[in-house]
Amino acid sequence: AIVSKDVKILLEDLRCGKLNPVEVLEAFQAKALLVDKDINAVCDFILEASDWANALTQVPEEEGGPLFGLPISVKECFYVKGYDCTIGLAQYIDQPAQEDSLFIQALKDLHAIPFCLTNIPQTMVSYSC
């Protein structure tokens, strides 16, 4: 299965065209939906991820970035344009980010595909540390 591949092998398969970004993204989206039923970790799916994956299919092999086609879930404390960044606080709901954070932009520049936002403890504090 795609989602159980070692990341180095997955990236190699994406770079050489054995797998394409769209099918890999769809596999990761399906897995996220499946595991979310048990752990309730996904806050939101990034709808534009499919467009980004489709765009990557047009990138020549020699121009693919080091993370070419790799779907990545990101914590919702990072600004993703058009999506809430609440750090677990209700007061920040319905205040979508106006632009991507530098981290998200860097992932995209490396040809990764941020595809979902996952939850964090309120204000990102963990008392178990």
Side-chain angles (χ1 to χ4, degrees):
I2 290 172
V3 296
S4 62
K5 284 182 177 267
D6 179 89
V7 70
K8 290 179 184 177
I9 294 169
L10 181 58
L11 285 168
E12 186 178 304
D13 288 350
L14 281 160
R15 276 192 213 105
C16 75
K18 185 175 179 182
L19 293 172
N20 77 53
V22 174
E23 69 182 319
V24 173
L25 172 63
E26 290 172 352
F28 275 77
Q29 289 170 325
K31 183 67 172 186
L33 282 169
L34 183 66
V35 300
D36 191 55
K37 290 179 185 178
D38 294 327
I39 62 174
N40 195 31
V42 177
C43 298
D44 215 343
F45 282 92
I46 300 172
L47 302 178
E48 296 84 356
S50 294
D51 295 335
W52 301 332
N54 277 314
L56 287 177
T57 64
Q58 305 304 311
V59 173
E61 185 178 331
E62 63 276 1
E63 293 178 23
L67 299 178
F68 181 80
L70 183 66
I72 296 181
S73 65
V74 294
K75 293 296 185 184
E76 69 90 56
C77 58
F78 293 102
Y79 289 126
V80 176
K81 184 178 180 179
Y83 293 86
D84 291 344
C85 173
T86 69
I87 60 170
L89 299 174
Q91 71 190 40
Y92 297 122
I93 293 174
D94 293 329
Q95 296 179 34
Q98 299 302 306
E99 61 185 34
D100 289 334
S101 67
L102 292 176
F103 175 68
I104 297 300
Q105 190 55 56
L107 288 173
K108 290 179 180 180
D109 290 347
L110 296 170
H111 290 159
I113 305 168
F115 78 99
C116 70
L117 301 169
T118 57
N119 61 26
I120 57 168
Q122 281 188 331
T123 66
M124 301 189 302
V125 174
S126 175
Y127 294 103
S128 64
C129 296

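Basis for what follows: all heavy atoms, side chains included, without hydrogens, waters or symmetry-related copies.
- Hydrophobic clustering (ILVMFWY, side-chain heavy atoms < 4.5 Å, transitive): Leu117 and Leu102 are in distinct clusters.
- Heavy atoms from other residues, nucleotides or ligands lying under 6.0 Å from OH of Tyr79 number 12 at most.
- A 6.0 Å sphere centred on CD of Gln98 holds no more than 12 heavy atoms belonging to other residues, nucleotides or ligands.
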| said: Using the rule given for side chain to side chain contact (heavy atoms under 4.5 Å, CB included), can you reason through Leu70 versus Ile113, listing the C-alpha separation, both sets of side-chain angles and the distance that settles it, and then say yes or no? | reply: CA-CA 6 Å; Leu70 183 66; Ile113 305 168; over 6 Å; no
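- A heavy-atom distance below 4.5 Å is found between the side chains of Leu107 and Val74.
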Counting only pairs under 3.5 Å, give me each side-chain donor-acceptor contact of residues 11-25, with atom names and distances, residues two or more places apart or in other chains.
| from | atom 1 | to | atom 2 | distance (Å) |
| --- | --- | --- | --- | --- |
| Asp13 | OD2 | Lys5 | NZ | 2.7 |
| Arg15 | NH2 | Pro66 | O | 2.6 |
| Asn20 | OD1 | Val22 | N | 2.8 |
| Asn20 | OD1 | Glu23 | N | 2.9 |
| Glu23 | OE2 | Asn20 | N | 2.9 |

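- For the pair His111 and Leu67, the minimum side-chain heavy-atom distance is 4.5 Å or more.
- The hydrophobic clustering, which links ILVMFWY residues whose side-chain heavy atoms are closer than 4.5 Å, places Ile120 and Ile93 apart.
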| request: Applying side chain to side chain contact (heavy atoms under 4.5 Å, CB included), run through Asp100 and Lys81 and close with a yes or a no. | output: CA-CA 5 Å; Asp100 289 334; Lys81 184 178 180 179; 3.5 Å; yes
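- Looking at Pro114 and Lys108, their side chains come closer than 4.5 Å, going by heavy atoms from C-beta outward.
- When the shell of 6.0 Å around NZ of Lys31 is examined, it contains 12 or fewer heavy atoms from other residues, nucleotides or ligands.
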Side-chain donor-acceptor pairs of residues 32-55 under 3.5 Å, sequence neighbours excluded:
| from | atom 1 | to | atom 2 | distance (Å) |
| --- | --- | --- | --- | --- |
| Asp36 | OD1 | Ala41 | N | 2.6 |
| Asp36 | OD1 | Val42 | N | 2.8 |
| Glu48 | OE1 | Tyr83 | OH | 2.6 |
| Asn54 | ND2 | Ser50 | O | 3.2 |

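- Remark: Phe103 pairs with Phe78 by the ring-ring contact (aromatic ring centres under 6.0 Å, His included) rule, at least two apart or across chains.
- In the hydrophobic clustering of this structure, Val80 does not group with Ile87; members are Ile, Leu, Val, Met, Phe, Trp, Tyr whose side-chain heavy atoms approach within less than 4.5 Å, directly or through other members.
- Side-chain atoms of Glu76 come within 3.5 Å of backbone atoms of Thr86 as a donor-acceptor pair (strictly under, hydrogens ignored).
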| task | For the pair Tyr92 and Asp84, evaluate side chain to side chain contact (heavy atoms under 4.5 Å, CB included) and give the outcome as yes or no after the intermediate values. | result | CA-CA 7 Å; Tyr92 297 122; Asp84 291 344; over 6 Å; no
